[in-house]
Amino acid sequence: MKPLDDAFFHRDCLEVAPALVGKLLVRQLPDGSLRRVRITETEAYRGEEDRACHASKGRTKRTELLYGESGIIYIYLCYGMHWLMNVITGEPDQPQGVLFRAAADYTGPGKLTKYLQLDGACNGKPLQPETGIWVEDDGFVPELITKPRVGIDYAGPEWAAKPWRFVLKP
DNA sequence: TTAGTGATATCC
DNA sequence: GATATCACTAAA
């Protein structure tokens, strides 16, 4: 089993997001122990035209990462207490990414990062073993269901309704 | 349903 | 420097 390489993430987020569901998210904790969880839910955020994407309001210091190379982790502190983990996908200069929304029993993006002990220290680093967090493919082929994205009503009904949330069928 | 929390962006 | 906003969770 090998970590996913950059080519995996160097695709459109609408391809990467469903492809990540069912994969194993692996985290090496500071004490050296490993945690493996199967990814059960992701969401795609695609481009400046997607008003739910952080980069939709233009390129800033914070969203700069979204315009960068694919395979880079973008971690964002939301509501002052929850870290949400994204990975950058697609071509440079095209802001898009995939949000890791849930894995196995750890439903909810905030709980997921808490369990994996992720925080801003990983922001801007590659999703690779050298960073202490990566994704493996064990050959499991999941059944997926798609749903509208969550918590982005502010983006307007036409964007909130997009079926860009990918969930592992139970 | 509501409170809590802090980084970011945007406005003085 | 000040405020408004937010891809959430837990407690009720």
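Note that the structure is predicted; figures quoted are calculated from it, not measured. Protein chains get the first letters and strands the later ones, always in sequence-line order, with residue 1 at the start of each.
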Taking the six-membered ring for Trp, are A:His54 and A:Tyr76 closer than 6.0 Å centroid to centroid?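 Yes - the distance between ring centres of A:His54 and A:Tyr76 falls below the 6.0 Å cut-off.
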Could you give the CE-to-C1' distance, from A:Met81 to C:dT5, as a whole number of Å?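 After rounding, the gap between these two atoms is 14 Å.
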Interatomic distance where OH belongs to A:Tyr74 and C1' belongs to C:dC6 [whole Å]: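 After rounding, the reported distance stands at 11 Å.
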May I ask you to say what A:Leu99 touches in the nucleic acid, namely base, sugar-phosphate or nothing, with a heavy-atom cut-off under 4.0 Å? base
Is the shortest side-chain heavy-atom distance between A:Gln96 and A:Ile88 below 4.5 Å? no
Distance, rounded to the nearest Å, where A:Ile75 contributes CD1 and C:dC8 contributes P: 15 Å
Axial cation check for A:Phe9 ring with A:Arg11, 6.0 Å and 45° limits: no
Could you tell me whether A:Arg59 and A:Asp93 make a salt bridge, using a distance below 4.0 angstrom between a side-chain N and a carboxylate O? yes
Just the rounded figure in Å: distance from P of C:dA4 to OH of A:Tyr79. 17 Å
Tell me: CG of A:Asp119 to C1' of B:dA7, nearest whole Å? 14 Å
Minimal non-hydrogen separation, A:Pro95 against A:Cys53, with atom names: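 Minimum heavy-atom separation between A:Pro95 and A:Cys53: O-SG, 4.2 Å.
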Test: A:Arg149 cationic atom under 6.0 Å from A:Tyr45 six-membered ring centre, within 45° of axis: yes
Could you tell me the separation between the NE2 atom of A:His82 and the C1' atom of C:dA10, rounded to a whole number of Å? 8 Å
When both hydrogen-bonding distances must be under 3.5 Å and the geometry is Watson-Crick or G-U wobble, what is B:dT5 paired with, if anything?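 Because no pair has both required distances under 3.5 Å, B:dT5 counts as unpaired.
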Regarding A:Asp138 and A:Arg38, does a basic nitrogen lie under 4.0 Å from an acidic carboxylate oxygen?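 Yes, this pair counts.
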Rounded to the nearest Å, what distance is computed from the CD atom of residue A:Glu64 to the C1' atom of nucleotide B:dA7? 17 Å
Reckon A:Arg101 touches a base, only the sugar-phosphate, or nothing at all at heavy-atom distances under 4.0 Å?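 A:Arg101: backbone/sugar contact only, no base atoms under 4.0 Å.
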Check nucleotides 8-12 of chain B for protein N or O atoms closer than 3.5 Å to its own N or O atoms and list the pairs.
residue	atom	partner	partner atom	Å
B:dA9	OP1	A:Thr60	OG1	2.4

Separation of C:dC8 C1' from A:Glu43 CD (nearest whole Å):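 Going from A:Glu43 (CD) to C:dC8 (C1'), I get 12 Å.
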